[in-house]
Amino acid sequence: MDKQAYKRAKDALKKGDYEAAEQDFKLALDSTHEHIGLSNDGQYNSLRSYYGLTLVLNSNEDGLSLCRAAASDEHLNGDVFLHLACAEL
């Protein structure tokens, strides 16, 4: 995972810069795919849910499906479910 992109994305999300957050979460997610295939990494669902949430915040309804998919595959990380709840609103 591109840790710098992930950090930039979280910072942008906190600041309300949803477009920048979306771009950087996409970079981090794409780098995860490159390094470990389709990923069984523990952060994969978290990244998908963050990216999905930023899509929703940028008025892209595809993000809701991504959040739902991440939540359906998650068993431990409560943030994934929080992101889904926020996306559903």
In Å, rounded to the nearest 0.5 Å, how long is the span from [atom1] of [X] to [atom2] of [Y]?
| X | Y | atom1 | atom2 | result |
| --- | --- | --- | --- | --- |
| Leu29 | Tyr51 | CG | OH | 7.5 Å |
| Leu84 | Ser72 | CG | OG | 9.5 Å |
| Arg48 | Thr32 | CZ | OG1 | 11.5 Å |

Legend entry - Audit row: Asn45, His75, side-chain contact (heavy atoms from CB on, under 4.5 Å) steps and yes/no: CA-CA 10 Å; Asn45 289 324; His75 302 286; over 6 Å; no
Inset, instruction - Compare every heavy atom of Ala5 with every heavy atom of Ala28, then report the nearest pair and how far apart it is. - result: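 Taking every non-hydrogen atom into account, N-CB, 4.1 Å.
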Inset, instruction - Could you label the plane-to-plane angle of the Tyr50 and Tyr6 rings as parallel, tilted or perpendicular, counting under 30° as parallel and over 60° as perpendicular? - result: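 Geometry flag for Tyr6 against Tyr50: perpendicular rings.
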Taking side chain as C-beta onward, heavy atoms only, is [X] less than 4.5 Å from [Y]?
| X | Y | answer |
| --- | --- | --- |
| Met1 | Leu47 | yes |
| Leu13 | Phe25 | yes |
| Leu27 | Gln4 | no |

Legend entry - Listed once per pair and sorted, the side-chain hydrogen bond (donor to acceptor under 3.5 Å, both in side chains) pairs that draw on residues 16-28, sequence neighbours left out: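 Residue pairs with at least one partner in residues 16-28: Arg8-Asp24, Glu22-Asn58, Lys26-Asp30.
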Inset, instruction - With sequence neighbours left out, write down each residue that passes salt bridge (Lys or Arg N to Asp or Glu O under 4.0 Å) with Asp11, or none if nothing qualifies. - result: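 Testing Asp11 for salt bridge (Lys or Arg N to Asp or Glu O under 4.0 Å), a comparison that skips the adjacent residues, returns Lys7.
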Inset, instruction - May I ask you to decide if Asn77's main-chain N or O and Glu74's side chain share a donor-acceptor pair within less than 3.5 Å? - result: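 Yes; at least one donor-acceptor contact below 3.5 Å.
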Considering only distance and modelled atom types, tabulate donor-acceptor pairs under 3.5 Å from the side chains of residues 63-70, sequence neighbours left out.
{"residue": "Arg68", "atom": "NE", "partner": "Glu88", "partner atom": "OE2", "Å": "2.9"}
{"residue": "Arg68", "atom": "NH2", "partner": "Glu88", "partner atom": "OE1", "Å": "3.2"}
{"residue": "Arg68", "atom": "NH2", "partner": "Glu88", "partner atom": "OE2", "Å": "3.1"}

